[in-house]
Protein chains: 2
Amino acid sequence: MAQEDRQFVDALARGLAILEALSRAQKPLSNGELARATSLAPSTVSRLTHTLSILGYVRLSQTSRTYELTPKNLTLGYPVLAGMSLLERARPRLKQLSEKTGETAALAIRDGIHVTFVEVIQGSNMVAVRLATGGRLPIAVSAAGIAILSALPDRERRTVAARVRADITRRGGNPDIFNRHLASACQQGIAIIRDAWRPGIGGIAVPVVGDGDVAALTVPVATGSITEAAMRGSLAAVLRETAEVLGPARAGEA
Amino acid sequence: MAQEDRQFVDALARGLAILEALSRAQKPLSNGELARATSLAPSTVSRLTHTLSILGYVRLSQTSRTYELTPKNLTLGYPVLAGMSLLERARPRLKQLSEKTGETAALAIRDGIHVTFVEVIQGSNMVAVRLATGGRLPIAVSAAGIAILSALPDRERRTVAARVRADITRRGGNPDIFNRHLASACQQGIAIIRDAWRPGIGGIAVPVVGDGDVAALTVPVATGSITEAAMRGSLAAVLRETAEVLGPARAGEA
DNA sequence: GAAAGTAATTCCGCACTGCGGAAAGATATG
DNA sequence: CATATCTTTCCGCAGTGCGGAATTACTTTC
């Protein structure tokens, strides 16, 4: 796109940009809105949505004139889940965790400078953070991201952390907060974040190693209903305990 | 592709074909294998995988030389799940269902002539059918598909059923079995399938209406360990009961 | 209910993208 | 080390996909 890469297929990137835009919006969008969101010409968007709808990735929503993602999009992610043995082992633990605390419990894995939630067990508490499989957050603002990062082998941690910092600055943020969070997580083996992504939302996470890569057990919390002390206390204890059962907390300690 | 549609963007379709091939294979594939699977020229595949890896949808697996899907693919499906209110209500019921029977319990929605599993609660039985969110089956061979179809408004059911039949014949199958299954489901309000998709695998499903569309509560079973009588008996009863709580079983009876 | 306004789609000429055969480069194999 | 196999890059050319403009389809307003 930006660079002169004779190997790069533009049309494909544009088509996927449409799907991403729909995913980000979390609601049906019209061709016009899509054109704006992707800075493509309306006629181009029209052709792409037309193609995607023939392929079955989008369809006109009832509120006609807008396109929405179809369930077919779920299938592309399916093998990612199906191949994870850690997920099988983690599932019952997440269930326990959620039952014991009433909170939502989730398993997250890294994907570049993001984390993706691969399993979510909904909590029973009245005020629960809404989350579903496939949810995605920048590493910098998620407890799970910090936790995963903290357990990576030194070398890898450094390169990923650098990319994260670069991303923060590029968006005009301050990397110091991230640095502090990471340092604290490395030292304590647990990551606690409050109000970093959105006000009122936070999380706590511990790393677990599985499938040759680092994942994180995490509990998202509404910061309005749970004090930092409560997080550091009982919640942290339960999480640590659960992680213990699942395996070593640092990469390479098989 | 086949037809002369001046509006159809080929490159996009080809790129998605790569992702689909990887999804179907459920394991990393080399460019050569992808070329064979998609009947594209190797050089074309190379360019597409190159593009997809820059975009972050595939990456080289450890077993270098082969590409695998990244978790980023999960995000495209995320909004599909996040927007379903039925899912929220169904989740605790699925949990109950699974605990009561020990079997895996799932919620499925229709997508063209396929069903996609949008939530799966793993059972505790020793022999469990492996299934994850995003799994996909043709309507014709899945209990969930038959159940959903059976609860559709007459008009819609007829058109979809016709497409399903067309698909069956196109693949050299016999639509009669499907017709019988559908008729039986329409009459009894419950669908039972055994060994239709793969030998040893079957399922039982009841329709539920939610989000303006029909979904299905389903329990996949290993036909080797559960007799048809058991399915028709206690399993069916529990399913019916659960569906009752979730709402009306036929579209339009709000 | 016509008219004006807005948004989506289709048309179409042209630039240049992406295609695919062939060559070059990498890796595995005996 | 030679050979076979597979992958990536190169490159000329066909024809795809681009985007401005025209057309068509909706929606809104009075």
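Lettering follows sequence order; numbering is per chain, from 1.
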Would you indicate which nucleotide in [options] comes nearest to any side-chain atom of [X]?
X       : options               : value
B/Arg47 : D/dT7, C/dG20, D/dG17 : C/dG20
A/Ser43 : D/dT7, C/dT10, C/dT9  : C/dT10
A/Thr44 : C/dC19, C/dT9, D/dG19 : D/dG19

Worksheet entry | Closest-nucleotide ordering on DNA chain C, the 5'-leading residue of B/Leu48 and A/Glu33 |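 Upstream on the strand: A/Glu33.
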
Worksheet item: Closest nucleotide of DNA chain C for A/Ala11 versus for A/Asn31: which of these residues is on the 5' side?
Response: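 Between the two, 5'-proximity favours A/Asn31.
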
Can you measure [X] atom [atom1] to [N] atom [atom2] for me and round it to whole angstrom units?
X       : N      : atom1 : atom2 : answer
A/Ile18 : C/dA8  : CD1   : C1'   : 14 Å
B/Gln7  : C/dT9  : CD    : C1'   : 7 Å
A/Leu12 : C/dT17 : CG    : C1'   : 13 Å
B/Phe8  : D/dG15 : CZ    : P     : 18 Å

Discussion item. Tell me if the side-chain of B/Arg14 makes a donor-acceptor pair with the base of C/dG18, cut-off 3.5 Å, by modelled atom types.
Written reply: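 No.
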
NZ/NE/NH1/NH2 to OD/OE distance under 4.0 Å, [X] and [Y]:
X        : Y        : answer
A/Asp154 : A/Arg158 : yes
B/Arg65  : B/Glu33  : no
B/Glu156 : B/Arg110 : yes

Item to complete: For A/Arg65, report the nucleic acid contact type (base, sugar-phosphate, nothing); a contact means any heavy atom under 4.0 Å.
Response: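 Sugar-phosphate, backbone atoms only, no base.
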
Discussion item. My understanding is that only one of A/Thr44, A/Leu22, A/Leu48 makes a side chain to side chain contact (heavy atoms under 4.5 Å, CB included) with A/Leu34; could you say which?
Written reply: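 For A/Leu34, the side chain to side chain contact (heavy atoms under 4.5 Å, CB included) check succeeds only for A/Leu22.
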
